[in-house]
2 protein chains.
Amino acid sequence: MKLTIKEVAQQAGVSIATVSRVLNNKDRVKSSTRQKVKEMIHKLNFQPDLNARNMIKKESKTIGMVIPELSNEYWSHLVDVLQENFWDNGYMLIVGSTDRNLDKEQAFIKSFIERRVDGIIFGSSLTPRADTDNETFKLIKQYGIPIVSLDPKNREMSCVLGDHLQGATDGVEHLIRLGHRSIAFIGGPTAPDSRELGFRNAFMLNNLIVDESLIRRSDSSSTFQFGYQTTIQLINDGAEFTSIFCYNDATAFGVFKALEEKGMRVPEDVAIVGYDDVQMAGLFKPALTTVRQPIIEVGQALAKLLIDTIEMGSTSIQKVPPKSISFKMQLIVRDSCGSQLKS
Amino acid sequence: MKLTIKEVAQQAGVSIATVSRVLNNKDRVKSSTRQKVKEMIHKLNFQPDLNARNMIKKESKTIGMVIPELSNEYWSHLVDVLQENFWDNGYMLIVGSTDRNLDKEQAFIKSFIERRVDGIIFGSSLTPRADTDNETFKLIKQYGIPIVSLDPKNREMSCVLGDHLQGATDGVEHLIRLGHRSIAFIGGPTAPDSRELGFRNAFMLNNLIVDESLIRRSDSSSTFQFGYQTTIQLINDGAEFTSIFCYNDATAFGVFKALEEKGMRVPEDVAIVGYDDVQMAGLFKPALTTVRQPIIEVGQALAKLLIDTIEMGSTSIQKVPPKSISFKMQLIVRDSCGSQLKS
DNA sequence: ATGAAAGCGCTAACAG
DNA sequence: CTGTTAGCGCTTTCAT
C-alpha cells in the first residue's frame, strides 16, 4: 500500500540510490537508466516524501509567519503576495494569526521551530522589546533560524518597513494645507508609533502646536470598532476638531459611521485621512483620502531578504549586519477632505 | 551545534528512549526520572523535530487548502476561522491561492502530497468535474489522503456547503416582493451556479419569467472589476432593469460604482442585493442589503469533518459514505433596495 | 555509472 | 521502569 523510493527502484530494476539520483537530477546516471527510472516514477505516480528528504538536507523549504489577523485587507494582501513569492522559490508559507495575543504568538513560533522552518517573518510582533533575554527570541537564535520583520523590532533583526513617518507627515500636512488646525489622531496599537511621530512632525514643520486631548491611542487592535467608539467618545468629550487622521482605513470607516450617526458630514464638517488605501477606499462615499502602502513591493522585499539570508546559510561569516529596507508612502487625495480651504 | 534527543539523553544520563517517553507523555517512567529529563529539556530549550516524529507516525499534522484568492474577505475570513480550528486540534494549515489557475492548483496539490499532508480542503476547486480519471484527483486517492470540499465537487467527496439556492431565492424574492420585475443577475465563475438557480427559482415561485438578456456570468473571477464592467455593459446594451442581484458583495460594490458614474441612484433608480455580508456591507452608503454567509459555522464544520475523517483513519471500513453538511443563508435587509414598493 | 551501507532525529517493539 | 535495537523514506559517501 505504501509507495516509496524502494518500490520504484525494485520495479525499475535499479538501486534506490539511482532513483534518488534521478529524483534530484544528479549527474552521473546513464541516460538510458535515467529514462527508465523516470518512466517508472511516472507510471507509479510516485511523489517523494519531502519530509524524509528535508531531514537529511537539514532544511524544510518552509517559512513561518506571524500576523495579528488575516481579516484585515492589509494583512491578507501581504500574505498573498508573500505566499506567491515564496512559492516561486520553492518555499511554502505557513502563517499564524495571533489576534495580538502574546501566548498565541509564542506558541506559533515554538511550533515553527518544531517543524524546523527555514525562516520566520514577524509580521507584527508582540514578542517585542525582543531584546536578548526574551524566551522566544532566545529560542530562535539558539536554533539559528533566520528572521526578518516588517517594521523594525530590534537592532539585530533585518527588516522591511514603510516610511510611516513620511506617510503620516504627508497625510497630516495635507490637512494643514487645507487650513485645518484642530486635527484629531486616532492611533493604533503600535508602540512606538511612527505614524504618531509623523503626525507631530507635520505640526512642527508648520509651527503648530499639537492639542494632546485630540490624540487617542488603541491598546489592542485598530479596527472599524475602535474608530467608531473613539470618535463617539471624542464627540461626547466635547472635543473640538475639524478633521481626523486615522491609523488605517478600517479605523477611518468606523469614524465615518460615528460621524454620520452624530449628524456630522464628511468632508463639510469633518475631514478624514486614512492609511493603507484598501480596495474600498476609492469606492466609499465620500472616497477616502488616504496614504497608500506599497504592499506588493514590501512583500517582495521581505521575501527576497529572507530567502537571501537563508541561502547565504552559514557560508559566509554568520554575521552580516542586519539590513533595513524602507519604502515611501504615497498620499492619495480623494474626496474625504474636500478641496476648499478651511477658513 | 545540533541539539537532538540524543544530547538531551546524554546530559540527563538516560537513554533516548526514555527522553522520547517523557516527550510523548508515555506511561511507565519513574516520576523522578521524568522530572530529571523534563528539567534537562527545559534547561537545554530542546524542541523535538516534528518531521522526524511524523515520518514514523505516518502523519504530518498538516492540512493543505486551496482557495482562489486571499484578498477577498470571504476567503480570508474563512481561512482565519479554519486556521484557528485546526490549530486548536494540533494541526497546521497551509493554504495556496490559485488565482483560479488550474496549473497552480495542481502544483499546490502535488506539493501537499509531497509534504504528506493529513488532509486537503478544496476551497474552490478547478480540478473539478474531478471524476475518476482526473490526474490530480487520482493522485490524492492513490495516496489515500482525506479530502473535504466547500460546496459539492463530486459525489465521492464529503463537503460543507452554504445553501445558496435558498440564499439566492430569498434575496431575489425580496426584490420581487418590493415590486421589481426586471432583475438583472451578475453571476460568478461557479458552474453550475446554485445562486443562478436560486435566482430562477424565485421567478418560478412567483410565476414570473426570467429575461435571459439580464443574466450575465463571469468566466473567471467575480470581483469589483467584474461588477463594474458588467454593469456598464448592461447599460450600454440598453438593457432595462430596476434592480440587480449580485454574486457577491465585491461585485455589488463594483455595480454601485458603475451606476454612480452613469448617474443612476441606489435605491431610487436601481435596487441592489449583494451576497456574503462583508464588513463593509453595513457601512457602505447606502448600506447594502445582502445575503449573509455563516462563515464561522462553515469553517468549523469543515475543520471538524476533515479532522474526524482523518482520525477515523483506516480504523473503520475505509468507506464511510461521503457526508454533506448544509448551512442556511440569512437575508440582511438594509438600504440598497429602498423600502417602498416599486410601482 | 551504480550499488551497499551509513545515517538524519525520532518512535516503537522487545528485552531485561 | 529503562535500555537496545530496528526502522520511517530518503540522501550521500564510499566502493566497485
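Letters A, B, ... are given to chains in the order of the sequence lines, protein chains preceding strands, and every chain is numbered from 1.
- Counting only residues at least two apart or on different chains, the salt bridge (Lys or Arg N to Asp or Glu O under 4.0 Å) pairs with a member in residues 82-91 of chain A are E84(A)-K104(B).
- Straight-line distance from the CE atom of M55(A) to the P atom of dC8(D): 11 Å, rounded to whole Å.
- Here the P atom of nucleotide dG9(C) and the CD atom of Q47(B) are 15 Å apart, to the nearest Å.
- As rounded to whole Å, 12 Å separates atom P of dA13(C) from atom NZ of K57(B).
- Summary of helix geometry: the two end axes of the helix from dA1(C)-dT16(D) to dG16(C)-dC1(D), each defined by five base pairs via their C1' atoms, are inclined to each other by 40° (rounded to 10°).
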Fill in the blank from the handout: A correct 5'-to-3' footprint of nucleotides 2-7 of chain D, with B, S and - meaning base, sugar-phosphate only and no protein heavy atom under 4.0 Å, is BBB--B
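- Side chain of Y143(B) to backbone of K138(B): no donor-acceptor contact under 3.5 angstrom is found.
- Phosphate contact (OP1/OP2 of dT12(D), side-chain N/O of K26(A), threshold under 4.0 Å): present.
- Atom P of nucleotide dC10(D) and atom CG of N25(A) are separated by 16 Å, given to the nearest angstrom.
- Pairs of residues two or more places apart, or lying in two chains, never qualify as ring pair (Phe, Tyr, Trp, His ring centres under 6.0 Å) while including a residue from residues 49-83 of chain A.
- Looking at residues two or more places apart in sequence or on another chain, you find a side-chain contact (heavy atoms from CB on, under 4.5 Å) between M92(A) and W87(A), I94(B), F108(B), S111(B), F112(B), R115(B).
- Here dC8(C) presents its C1' atom at 15 Å from CG of L3(B), a figure rounded to the nearest Å.
- For the pair N24(B) and dT11(C), the criterion of a side-chain N or O lying under 4.0 Å from OP1 or OP2 is met.
- Set against dG9(C), dA12(C), dC8(D), the side chain of K58(B) has dC8(D) as its closest nucleotide.
- One can place CG of D49(B) at 14 Å from C1' of dG7(C), the figure rounded to the nearest angstrom.
- Listed candidates were dC10(D), dT11(C), dG9(C). Nearest to the side chain of L23(B) is dT11(C).
- For D80(B), the salt bridge (Lys or Arg N to Asp or Glu O under 4.0 Å) criterion is met by no residue, not counting sequence neighbours.
- As a whole-Å value, the separation of E7(B) CD from dC8(C) P is 13 Å.
- Salt bridge present: E69(B) and R100(B) bring a charged side-chain N and a carboxylate O closer than 4.0 Å.
- Residues meeting the side-chain contact (heavy atoms from CB on, under 4.5 Å) test with I307(B), sequence neighbours left out: F86(B), N89(B), Y91(B), E311(B).
- Between T4(A) and dG9(D) there is no side-chain polar atom (N or O) within less than 4.0 angstrom of OP1 or OP2.
- Spacing between atom CZ of R53(B) and atom P of dC10(C) amounts to 9 Å, rounded to whole angstrom units.
- Residues satisfying the side-chain contact (heavy atoms from CB on, under 4.5 Å) criterion with E297(B), sequence neighbours excluded, are P294(B), F327(B).
- Look at K2(B) and you won't find any side-chain N or O under 4.0 angstrom from OP1 or OP2 of dC8(C).
- Applying the side-chain contact (heavy atoms from CB on, under 4.5 Å) rule to I56(B) yields no partners; only residues at least two apart in sequence or on another chain are considered.
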